[in-house]
Asks: 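Quick one: structure below, then a few questions.
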There are 2 protein chains.
Amino acid sequence: MADRRGQPLNRERIVGAAIELADAEGLDAVSMRRVAARLGAGAMSLYRHVSDKEQLVLEMAEELTARHAYPDDPGDLDWRGRIHLMARHDWDMYTSHPWILTVVANLEPPVGPHGLAAMEWALRAVEPLGLSLPASARAIMTVTHYLQGSARMALSASGPSREDSDPGAAWQRRLGGADLSRYPRVQALVTSDYMAERGGRDWVTSGLDVVLDGIAAEADRSR
Amino acid sequence: MADRRGQPLNRERIVGAAIELADAEGLDAVSMRRVAARLGAGAMSLYRHVSDKEQLVLEMAEELTARHAYPDDPGDLDWRGRIHLMARHDWDMYTSHPWILTVVANLEPPVGPHGLAAMEWALRAVEPLGLSLPASARAIMTVTHYLQGSARMALSASGPSREDSDPGAAWQRRLGGADLSRYPRVQALVTSDYMAERGGRDWVTSGLDVVLDGIAAEADRSR
DNA sequence: ACCCCCTTGGGTACGGTGTACGCATATGGT
DNA sequence: ACCATATGCGTACACCGTACCCAAGGGGGT
């Protein structure tokens, strides 16, 4: 087995290496061989500690939600403040590890022990609203989906710009050569400052408040 | 080239075959070879009409949004009615072609000529609210993300049940052997009827109205 | 001391993937 | 008749997940 860089293989080291790889080169770069290589090990050795590649990805998500767990004691924040706190934590996770958005999109619903803990934390946060448990869960998932969608938009906005050749080329490829003038509202939109600010935190935060206003109204109604 | 089943190869036939394949066996089953085989052609022949696999997937999404386009004349519906109409169209698309959810999750923002047309339609629908164009766009994306997230939850709820051996095995694998009793609210949630009705149309529709109430309040405020 | 088993590491190989390259054939224009 | 162009596709390469089998070492029992 020779020297084998560093400690012996174990689950945590494997998951950590996979996360580093995904952070550096994206989720597609995470292959068993490349993760193993990063540990100075052979590809098949990983299977002693992880049953599947799918399971490895699951553990990556778990580890990330653990690292970005919400504080045990949120202090004297009201429900809205706590949801904003949650949003800030999630947003930080999405922007520092964008690949997690791809993972959760194909997972859904949230999972793993730490995923459960996060759900419990959120249910606790909205408890003062007096909503039923199913309604509370729906409200939280609505917020989560809003955040994930916004993060995807914000990140894909800055994403194609990494391509050197022509930043507008990928755009045109996606548009399929459509005639923008046939859609005046969309045209006005892309020429407005919407594109610039749609990824900003203020823009996302105020949009979150729109969603929360709807939830607050639902709570008032049911009370 | 021999007989070559049916007409000569062209983009529409390729995209159509790819959609059929994805409907029948999921997005992962869509490979250049299998799509070509379905047309009685060789794998490399597809590249005469499609530049990439990525482009093929883009065209699949485009074709689907074209098939599920919103009606040109929505009649005398008010803005809320029109958004509900949009929601019904989208929901039908998600449930009849679940793979599209995976595609749009990695695309974002919506694209292609028909994607633009859909956006224009929605911007027109919310125009009576008097919101600014960026605010309107944000509202529409919020609704879209709510619907996509709900569809993902609804479909993944019925998804793992297809596995024969043990329907709860995949669940346990995802939970990672967590102790549910440590999370009383989550535990109460999964034992409630939330799991049963969370995929139902009424549940999703009333959740949509919660979001729309928030948007309506925003419009009232800015007026 | 010896043997045996069991855990961990990993090399080889199989069937799959996207696609670069080059050749064969059919078609249309002159 | 001849050539240009468009279309179909066979081969090959690099990479993927992973089934299978063997090598090396660490305890425990005798």
Side-chain angles (χ1 to χ4, degrees), chain A residues 1-22 24-61 99 102-103 106-107 163 165 169-170 173, chain B residues 1-22 24-61 99 102-103 106-107 163 165 169-170 173:
Chain A
M1 68 183 66
D3 63 317
R4 196 200 327 88
R5 269 195 286 285
Q7 297 80 13
L9 236 39
N10 62 30
R11 196 171 313 213
E12 291 171 24
R13 265 167 51 79
I14 292 174
V15 173
I19 290 178
E20 284 178 21
L21 225 178
E25 304 188 44
L27 193 59
D28 289 344
V30 176
S31 75
M32 301 306 265
R33 283 178 239 261
R34 301 224 24 209
V35 170
R38 193 167 264 255
L39 296 165
M44 293 314 292
S45 306
L46 306 188
Y47 286 91
R48 292 285 169 192
H49 306 90
V50 168
S51 67
D52 248 351
K53 183 187 177 179
E54 184 186 334
Q55 238 230 352
L56 172 57
V57 175
L58 247 49
E59 305 243 27
M60 290 169 68
W99 50 268
T102 305
V103 175
N106 301 329
L107 235 58
E163 249 84 352
S165 57
R173 175 197 176 102
Chain B
M1 68 184 62
D3 63 317
R4 199 199 324 88
R5 270 196 285 285
Q7 297 80 14
L9 235 41
N10 61 30
R11 197 174 310 218
E12 291 171 24
R13 264 166 51 81
I14 292 175
V15 173
I19 290 178
E20 283 177 23
L21 224 176
E25 304 188 45
L27 194 59
D28 289 343
V30 176
S31 74
M32 301 305 265
R33 284 177 238 264
R34 298 216 39 200
V35 171
R38 192 168 264 255
L39 296 165
M44 293 314 292
S45 307
L46 307 188
Y47 286 90
R48 291 287 172 191
H49 306 89
V50 168
S51 67
D52 247 351
K53 184 186 176 180
E54 184 186 335
Q55 237 231 352
L56 172 57
V57 175
L58 247 49
E59 305 244 26
M60 289 170 68
W99 49 268
T102 304
V103 175
N106 300 330
L107 234 57
E163 249 84 351
S165 57
R173 175 195 176 103

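In what follows, chains carry the letters A, B, and so on, assigned in the order in which the sequence lines appear, proteins first and then strands, with residues in each chain numbered from 1.
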Asks: Rounded to whole Å, please give me the gap between CG in A:Leu46 and P in D:dG17.
Replies: 10 Å
Asks: When the distance from CZ of B:Arg13 to P of D:dT7 is rounded to whole Å, what number comes out?
Replies: 14 Å
Asks: Judged by each residue's nearest nucleotide on DNA chain D, which is more toward the 5′ side, A:Arg48 or A:Ala43?
Replies: A:Ala43
Asks: If you only use heavy atoms from C-beta on, which nucleotide in C:dT17, C:dG10, C:dT19 is closest to the side chain of B:Arg34?
Replies: C:dT17
Asks: Would you please test B:Val30 and B:Val57 for side-chain contact (heavy atoms from CB on, under 4.5 Å) and show each step?
Replies: CA-CA 9 Å; B:Val30 176; B:Val57 175; 5.6 Å; no
Asks: Give me the atom names and distance for the closest heavy-atom approach of B:Arg38 to B:Ala17.
Replies: CD-O, 3.7 Å
Asks: Can you tell me the distance, in whole Å, between the CE atom of B:Met32 and the P atom of D:dC9?
Replies: 14 Å
Asks: Rounding to a whole Å, what distance do you find between A:Tyr47:OH and C:dG11:P?
Replies: 15 Å
Asks: If I take atom CG in residue A:Asp28 and atom P in nucleotide C:dT19, what distance separates them, rounded to the nearest angstrom?
Replies: 12 Å
Asks: Over all heavy atoms of both residues, which pair between A:Leu46 and A:Met32 is shortest? Give the atoms and the distance, please.
Replies: CD1-O, 3.4 Å
Asks: Of the nucleotides C:dT17, C:dT19, D:dC16, which one has an atom closest to the side chain of B:Ser31?
Replies: C:dT17
Asks: Rounded to the nearest angstrom, tell me the gap between atom CZ in A:Arg33 and atom P in D:dG17.
Replies: 7 Å
Asks: Of all the nucleotides listed (D:dT18, D:dC9, C:dG9), which has the minimum atom distance to the side chain of B:Met44?
Replies: D:dC9
Asks: Output, in order, the C-alpha distance, side-chain angles, deciding distance and verdict of side-chain contact (heavy atoms from CB on, under 4.5 Å) for B:Met60 and B:Val103.
Replies: CA-CA 9 Å; B:Met60 289 170 68; B:Val103 175; over 6 Å; no
Asks: Check the pair B:Ile19, B:Trp99 against side-chain contact (heavy atoms from CB on, under 4.5 Å), reporting the backbone distance first and the verdict last.
Replies: CA-CA 9 Å; B:Ile19 290 178; B:Trp99 49 268; 4.0 Å; yes
Asks: Is A:Val50 touching bases, backbone alone, or none of the nucleic acid, heavy atoms closer than 4.0 Å?
Replies: nothing
Asks: I want to verify a distance call: between C:dT19, D:dC16, C:dG9, whose nearest atom is closest to the A:Pro8 side chain?
Replies: C:dG9
Asks: Using whole Å, what does the distance between atom P of nucleotide C:dG16 and atom CG of B:Leu21 come to?
Replies: 15 Å
Asks: Is B:Ser45 near enough to D:dC9 that one of its side-chain N or O atoms lies under 4.0 angstrom from OP1 or OP2?
Replies: yes
Asks: Does D:dA6 have OP1 or OP2 sitting under 4.0 Å from an N or O in the side chain of B:His49?
Replies: no
Asks: What integer distance in Å separates A:Arg11:CZ from C:dT8:P?
Replies: 11 Å
